[in-house]
Amino acid sequence: MEVAVGVVNLKIQLAGFIAPLTIGFVRDAFDGSFNGAVWLLVSFGVICFIAFMTLKSGKENFMTEHPQTIPAVK
């Protein structure tokens, strides 16, 4: 479990280091305009949304198989 948390933390820290550099390079490539950086972020958001929508859990109904996770308050 701790290794998984460490791997996730490493990737988050790496992304926090690379993202500003990438946005800076894209801004320089577009002659100081942030339009390219905004479109880059929008395209990454669309890619993440599509990847999220294609995930499948492999379970028919998670709540019936794990009733202890059903919230008590409606």
Would the number of heavy atoms belonging to other residues, nucleotides or ligands and lying under 6.0 Å from CG of Asn9 be above 12?
yes

Is it true that Phe44 and Val46 fall in one hydrophobic cluster, defined by side-chain heavy atoms closer than 4.5 Å?
no

Please tabulate, for the side chains in residues 14-30, all donor-acceptor contacts under 3.5 angstrom to protein atoms that are two or more places apart in sequence or on a different chain.
residue	atom	partner	partner atom	Å
Thr22	OG1	Ile18	O	2.9

Identify, with sequence neighbours excluded, every residue that meets side-chain contact (heavy atoms from CB on, under 4.5 Å) alongside Val7.
Val3, Lys11

Atom OG1 in Thr54, atom CZ in Phe49: separation rounded to 0.5 Å?
10.5 Å

